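Heads up, the thing below is written out as C-alpha cells.
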Number of protein chains: 2
Amino acid sequence: MSYISTGVEYALHCLLFLIDQPDGATPPSTRDLAVLQGVSADYLAKLFTRLQQADLIVSREGAMGGVRLARAAADISVLDVVVAIDGDRAFFDCQEIRGRCALFGDAPPAWATRGTCSIHAVMIEAERKAKAALAAHSLADIAGRVAANAPVELGTMAAQWLSDRAARRKPGRPTRPLDKQE
Amino acid sequence: MSYISTGVEYALHCLLFLIDQPDGATPPSTRDLAVLQGVSADYLAKLFTRLQQADLIVSREGAMGGVRLARAAADISVLDVVVAIDGDRAFFDCQEIRGRCALFGDAPPAWATRGTCSIHAVMIEAERKAKAALAAHSLADIAGRVAANAPVELGTMAAQWLSDRAARRKPGRPTRPLDKQE
DNA sequence: GGAAATCTACTCGGATACCGCGTGTCCGAGTTATGGTGG
DNA sequence: CCACCATAACTCGGACACGCGGTATCCGAGTAGATTTCC
C-alpha cells in the first residue's frame, strides 16, 4: 500500500480551498468541502476532527458552524497535514532480527542489540529526507502553484460557490402548518 | 502500514551474510539463511525468487544448490533490494481529485487536468529524496558498519556456521536395507 | 568398473489462509443559530 | 415586546462493514548431486 493515505490527499485538497476565506463570514462546513471535491462527506468529517486535534484548523460547532485554518497557510506544511491524518507512522518497522541470529543461541550478546540496527538506520535516514521534503512545502506554496496553472477567475469562482452554499443554509425553519405551505 | 515491508528486512539481513562467500564452495541454501536469521524458510524462499528475477542473486538448483550474490556487494544498493521485493510501489497514489471538483460539473476543463497535480508533485519529490537516500547505501556499506560494531570473530563465526551446515547436507543416501540399519 | 536406478536436497511457482488496516458508512450526543409561539 | 421552544444544521466520536494486500504455509514440479545396485 502507499505510504501516504488518500485521507491526506482529501485533506490537502480541502485545505487549499480554506485559504483566503473572509474572517467574518460563516465558514464552510465539512460537507460543503466534501461536495466541492466529490468525496465522502462522513469520511471527510472524520478527517477534519484529526486536523482540529492537530491544531491545524479551528472549528465552530452548531448551526452556521464550520471550519477555518488555525493559522496562515504559509505556516502549515504538507508534513503537518500528513502527520495529523496518518500519525507519524514509521517508514519501516524494524523487527530486530539481529537479535534472533542463530549464531547467538537464545541469548544474544549485548553488542548485537546495542544502538540502532544498521539496516534500520538507512531507513530512518530515508524517512527523514522524505519528511524534510514534505516539510519544505506549505499550503500557500501549493496554492500558488495551482493558481499559476489556472485561469484567474478560479479563486473568485470558488469563493462564490462556497458563499452561495453558506447562504443556502436555513437553520431553525420549523415545519410550517400545512395550510401555509406552498 | 509501513512503506517498506518486512520482506525487505529479511532479504537485507540474509544478503549481508552472502557477502564474502568463497566462490568454489557449495553456496548457502535459502533454508540455511532462514534458520540463521530465525525466519520462516518458505517465506524467505519466495522472497529470494524475486531477488533472482531482479538479477541481484544467482541461484543454483538441485541438491547442493543454493544462492549467491550476482555481483559485488558494493554494486547492490538498498534501493535495488527494496524495488526487487516490494516492486516500485508508489509513495502516494493520486486520485485525481482536481478533476472531480464541483465547480467544473461533469466536464472538467483541460487546464484542470493537465500536467501533474500540484499536491502529487510534492509527494513525488519526497519519494525521490527517499529513494536517493536508499540508493546511496550499498550492501558493502552496511556490512562495514555492522562489522565496526561487532567483535572481529563475527565474520569467521558466520562463515563457519554456514560451511558446517553445508557439510551436513547428505543428498542421495538411499534408505538402507533393514538388516543393515543400526 | 561403469551405467542405471534411487534417494535426497535443492529452487521455482501456484494456491490458499490469516489478519491488520485503510476506506467508508451509520448513528447518537452535544452545540448553536433561526423562526415561530405564547404570555 | 420578550421569553421560550422546536427545528435544522453543524461538529464530535464511537461502532462497524468491507476489501485489499502483506505475511505465512503448504505442496507439487522440475533439477541436480551422492550413493547404491546391477550387469
Side-chain angles (χ1 to χ4, degrees), chain A residues 1-11 26-35 38-53 57-68 85-87 89-90 92-93 95 165-177 180, chain B residues 1-11 26-34 39-53 57-68 85-87 89-90 92-93 95 165-177 180:
Chain A
M1 221 178 270
S2 36
Y3 179 60
I4 292 175
S5 70
T6 72
V8 172
E9 183 175 12
Y10 293 172
T26 69
S29 70
T30 61
R31 178 174 324 243
D32 290 344
L33 294 170
V35 172
V39 301
S40 156
D42 280 322
Y43 187 45
L44 192 67
K46 192 169 293 295
L47 294 175
F48 265 81
T49 66
R50 291 191 227 174
L51 294 176
Q52 193 263 349
Q53 287 162 356
I57 61 163
V58 290
S59 58
R60 215 173 66 195
E61 283 195 0
M64 294 288 137
V67 143
R68 134 183 358 168
I85 299 293
D86 285 348
R89 80 170 116 176
F92 169 80
D93 61 330
Q95 310 282 330
R165 182 116 181 148
R168 223 183 296 275
R169 300 189 209 168
K170 290 285 170 60
R173 182 176 41 199
T175 47
R176 312 196 167 169
K180 291 191 186 174
Chain B
M1 221 178 267
S2 36
Y3 178 60
I4 291 175
S5 69
T6 72
V8 171
E9 184 175 12
Y10 293 171
T26 69
S29 70
T30 60
R31 179 174 324 247
D32 290 345
L33 294 170
V39 157
S40 157
D42 281 321
Y43 187 46
L44 191 68
K46 193 168 289 297
L47 294 176
F48 266 80
T49 65
R50 290 192 228 175
L51 294 176
Q52 193 263 349
Q53 288 162 355
I57 61 162
V58 291
S59 58
R60 214 172 67 193
E61 284 194 358
M64 295 288 137
V67 142
R68 133 183 358 168
I85 299 293
D86 285 349
R89 79 172 119 176
F92 169 80
D93 61 329
Q95 311 280 330
R165 183 116 181 147
R168 224 183 296 274
R169 300 191 208 168
K170 291 284 170 62
R173 182 175 40 200
T175 48
R176 313 195 166 170
K180 292 191 185 174

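Side chains are part of it too, since the values below use all heavy atoms of this structure and drop only hydrogens, waters and symmetry mates. Fair warning: this is a prediction, and the values are worked out from it, not measured in the lab.
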Quick check for you: among D:dC10, D:dG13, C:dT8, whose closest atom lies nearest to any side-chain atom of B:A63? C:dT8
Presence of B:Q53 side-chain N/O under 4.0 Å of C:dC12 phosphate oxygens OP1/OP2: no
Would you tell me if any nitrogen or oxygen in the side chain of B:T30 comes within less than 4.0 Å of OP1 or OP2 on C:dC10? no
Sub-3.5 Å pairs of nitrogen or oxygen atoms, protein against nucleotides 28-30 of chain D:
none

Distance-minimising heavy-atom pair for A:D93 and B:E9: O-OE1, 3.6 Å
Nearest to the side chain of A:M64 - C:dA33, C:dC10, D:dG33? C:dA33
Nearest heavy-atom neighbours spanning B:I85 and B:L47: CD1-O, 3.7 Å
Please report, rounded to the nearest Å, how far the C1' atom of D:dT31 is from the CD atom of B:Q52. 14 Å
Base D:dG33 to side chain B:K170, donor-acceptor N/O within 3.5 Å cut-off: no
Can you give me the closest heavy-atom contact between A:S2 and B:A90, atom names plus distance? CB-O, 3.3 Å
Respond yes when some side-chain nitrogen or oxygen of A:R169 is under 4.0 Å from OP1 or OP2 of D:dA8, and no when none is. no
Select from A:P171 and B:R60 the residue whose nearest nucleotide in DNA chain C is closer to the 5' end of that strand. B:R60
Less than 4.0 Å between a side-chain N and a carboxylate O, is that true for B:R169 and B:D32? yes
Could you run down the sub-3.5 Å N/O contacts of the protein with nucleotides 16-23 of chain D?
from, atom 1, to, atom 2, distance (Å)
D:dG22, OP1, B:R89, NH1, 3.3
D:dT23, OP1, B:T6, N, 2.7
D:dT23, OP1, B:T6, OG1, 2.8
D:dT23, OP2, B:Y43, OH, 3.3

Selection from C:dC12, C:dT25, D:dA24 that lies nearest to any side-chain heavy atom of B:S40: D:dA24
Any side-chain N or O of A:S59 under 4.0 Å from OP1/OP2 of D:dC10? no
